[in-house]
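This report concerns only the one structure given below.
In what follows, residues are counted from 1 in the order of the sequence shown.
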Amino acid sequence: MDSTNKAENTLTSEEKKDKIVEFIDDIKADRIEVLDVRAKTSVADFFIVCTGNSDTHVNSITERALEKMRELGIRAHRSELSSGSGWALVDFGDVVLNVMREERRQFYDLESLWNSMQPNSDLI
C-alpha cells in the first residue's frame, strides 16, 4: 500500500471534514456550513457549503482545499472548478465540498434542501 492510500484510509470522514473546513477558512471562505447527511444519503457523510465573493475566489478556495488535502495524501475523486458558473465542487468520497457565489448559493439553497430531508430508514 502506498502512502497516499494509507493516509486516506487513516482519516475518518469527521477528520477530513474538519481539515477541509480549516483549510477553506484560512483562505477566507465565507459562511462555511457543514451538513451531516449520513442518515439521509449513502453518497457522502458530509457536505460542506461555503461562499466565495467572485469566481476567482471560488476557484482559489477550491484549489486550496485540493492542494492541502493532497499534502495529507488525500486526492479528490472528482473536482469541477467554476468556469464562470459560480459553483465549484470537490468530491473527496465521504466529504463533498461545494464552493458557491452568493447568488448560486441562494438559488440552490442546499442547506434547506438537506436539512428538510427526512432520514433514510435504510441508513440508520
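Under a cut-off of 6.0 angstrom, the local environment of CD in Q118 is sparse, with at most 12 non-hydrogen atoms contributed by other residues, nucleotides or ligands. Taking a 6.0 Å sphere around NZ of K40, one finds it holds more than 12 heavy atoms contributed by other residues, nucleotides or ligands.
No chain of hydrophobic side-chain contacts below 4.5 Å, direct or via other Ile, Leu, Val, Met, Phe, Trp or Tyr residues, connects V34 to V49. The hydrophobic cluster containing M117 also contains L110, counting ILVMFWY residues as joined when their side-chain heavy atoms lie under 4.5 angstrom apart, directly or transitively. Tracing side-chain contacts under 4.5 Å through hydrophobic residues (I, L, V, M, F, W, Y), one reaches L113 starting from Y108; they form part of the same cluster. No continuous path of hydrophobic side-chain contacts links V96 to M69 [ILVMFWY only; heavy atoms under 4.5 Å]. I61 and L72 fall within a single hydrophobic cluster, where Ile, Leu, Val, Met, Phe, Trp and Tyr side chains are chained together by heavy-atom contacts under 4.5 Å.
The structure places CZ of R105 at 4.0 Å from CD of E111, a figure rounded to the nearest 0.5 Å. Interatomic distance, F46 CZ to E14 CD, rounded to the nearest 0.5 Å: 4.0 Å. Rounded to the nearest 0.5 angstrom, D94 CG and S42 OG are separated by 12.5 Å. With rounding to the nearest 0.5 angstrom, the CG atom of L97 is 10.0 Å from the OG atom of S79. R70 CZ to L66 CG: the interatomic distance, rounded to the nearest 0.5 Å, is 5.5 Å. For the atom pair OG1 (T12) and CG (D18), the distance works out to 7.5 Å, reported to the nearest 0.5 Å.
A side-chain contact (heavy atoms from CB on, under 4.5 Å) with I48 is found for exactly one of L35, V90, I32, namely I32. When each of N98, L81, T62 is paired with L89, the side-chain contact (heavy atoms from CB on, under 4.5 Å) condition holds for N98 and for no other.
The heavy-atom pair separating T51 from R101 by the smallest distance is CG2-C, 4.2 Å. Here the shortest heavy-atom pairing between M100 and V58 reads C-CG2, 4.0 Å. Taking each heavy atom of A44 and G93 in turn, the nearest pair found is CB-O, 3.9 Å.
A salt bridge links E71 and K68; the closest N-O separation between the charged side-chain nitrogens and carboxylate oxygens is under 4.0 Å.
Note: W114 and F47 have perpendicular aromatic rings, judged against thresholds of 30 and 60 degrees for the angle between ring planes.
In this structure, I24 and V99 have side chains that are not in contact, with every pair of non-hydrogen atoms separated by 4.5 Å or more.
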